[in-house]
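Presented below is the structure to which this report refers.
In what follows, every chain begins at residue 1, and chains take the letters A, B, ... in the order their sequences are listed. Bear in mind that the values here come from a model prediction, so they are computed numbers and not experimental data.
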Amino acid sequence: DAGVTQSPTHLIKTRGQQVTLRCSPKSGHDTVSWYQQALGQGPQFIFQYYEEEERQRGNFPDRFSGHQFPNYSSELNVNALLLGDSALYLCASSPVGGNTIYFGEGSWLTVV
Amino acid sequence: DQQVKQNSPSLSVQEGRISILNCDYTNSMFDYFLWYKKYPAEGPTFLISISSIKDKNEDGRFTVFLNKSAKHLSLHIVPSQPGDSAVYFCAASRGDYGGSQGNLIFGKGTKLSVKP
């Protein structure tokens with residue numbers, strides 16, 4: 001049973017560019033959330049998708065957008081990258097009615 | 001304003017002894033609490049959780065205690081093993097969506113070192 005999978009694992013982008021990160025949830029999970037973890041900090045909630053719609057959103061600007069597909073996989077898009085967007089981006093999934101959220105290994109984004 | 005606080009950035013414990021990691025929260029609406037363990041270059045791994053209707057939950061060497069009046073929870077690891085060395089995150093949430101989890105609010109983590 002595959003857990004939460006994310007791609008790519010590492011990437012380097014230039015300031016001002018756009019990036020797309022991808023996530024496949026754990027089998028049987030239909031809710032996907034994205035978190036940003038800066039060095040020395042705990043993960044911070046970006047948004048959550050359920051039934052292909054954004055259900056909750058954290059305190060992140062509109063440059064951060066997402067999408068959920070019919071197979072429950074999800075993408076995180078960040079436009080107009082800033083140096084401060086350099087972080088580990090974590091995808092997490094959970095089943096409807098479930099209380100436990102499982103995380104993927106993350107995508108390391110470096111903006112130069 | 002941090003809603004979930006882990007005030008000890010690091011903790012060092014001898015192998016075989018008890019590790020106690022602490023977490024405080026400010027939002028009384030939180031009704032579900034989780035602990036995650038994180039190794040470098042990996043995503044957080046779920047460890048144990050507790051609902052606000054309980055005050056204790058145990059799973060093998062790991063026990064989580066919840067004191068709602070004090071808005072405090074703690075994770076006890078007994079006995080501690082060198083493989084437990086990692087960063088431990090406390091997280092809290094509100095179950096707003098038909099019983100499903102809302103977003104998690106994390107503390108900054110405590111780095112546990114278990115020395116042989």
Side-chain angles (χ1 to χ4, degrees), chain A residues 2-7 9-10 21 23-26 28-51 53-60 66 72 87-108 110, chain B residues 1-10 21 23-25 27 30-54 57 59 62 64 86-111:
Chain A
V4 180
T5 58
Q6 293 185 242
S7 63
T9 53
H10 294 81
L21 308 177
C23 171
S24 292
K26 187 175 169 63
H29 290 190
D30 55 7
T31 303
V32 174
S33 302
W34 287 90
Y35 289 79
Q36 180 196 66
Q37 185 176 16
L39 278 176
Q41 303 293 319
Q44 290 207 334
F45 175 72
I46 303 175
F47 41 56
Q48 183 183 78
Y49 276 85
Y50 173 68
E51 292 189 339
E53 292 195 356
E54 183 181 291
R55 184 164 72 173
Q56 291 185 84
R57 189 178 182 92
N59 190 24
F60 279 80
Y72 307 123
L88 175 66
Y89 288 85
L90 294 162
C91 175
S93 72
S94 57
V96 64
N99 287 327
T100 302
I101 296 176
Y102 295 88
F103 284 84
E105 299 293 299
S107 294
W108 287 95
T110 301
Chain B
D1 179 32
Q2 265 196 289
Q3 297 187 66
V4 177
K5 298 179 183 179
Q6 294 178 257
N7 292 319
S8 298
S10 63
L21 296 100
C23 178
D24 297 296
Y25 62 96
N27 190 338
F30 288 145
D31 59 5
Y32 200 70
F33 304 89
L34 307 90
W35 284 93
Y36 286 86
K37 178 171 71 173
K38 188 177 185 299
Y39 294 115
E42 293 185 11
T45 301
F46 170 72
L47 208 52
I48 193 169
S49 61
I50 187 167
S51 163
S52 60
I53 63 173
K54 296 185 175 182
N57 189 27
D59 184 2
F62 302 92
V64 56
V87 177
Y88 288 77
F89 289 97
C90 168
S93 75
R94 297 169 53 180
D96 290 336
Y97 298 93
S100 297
Q101 273 320 92
N103 60 290
L104 295 177
I105 308 295
F106 282 85
K108 290 188 176 183
T110 297
K111 184 176 182 180

Heavy-atom proximity to chain A below 4.5 Å, by part of B/K38: side chain

Pairwise distance CG(B/L47) to OG1(A/T100) - rounded to 0.5 angstrom: 11.5 Å

CG-CZ distance between A/L90 and B/F106, expressed to the nearest 0.5 angstrom: 8.0 Å

Heavy-atom check, side chain of A/F47 versus side chain of B/N103, under 4.5 Å: no

Interface residue of largest heavy-atom contact number with chain B, from A/G58, A/P43, A/G106, A/S33, under 4.5 Å: A/P43

Interchain contact, A/Q44 with chain B, by part (heavy-atom threshold 4.5 Å): neither

Least distance between heavy atoms, A/Q37 atom then B/F89 atom: NE2-CZ, 3.3 Å

Test item: A/F103 and B/E42 side chains (from C-beta on) under 4.5 Å apart, heavy atoms: no

Greater than 12 external heavy atoms within 6.0 Å of B/F30's CZ: yes

Gap separating the CG atom of B/L104 from the CD1 atom of A/I101, nearest 0.5 angstrom: 3.5 Å

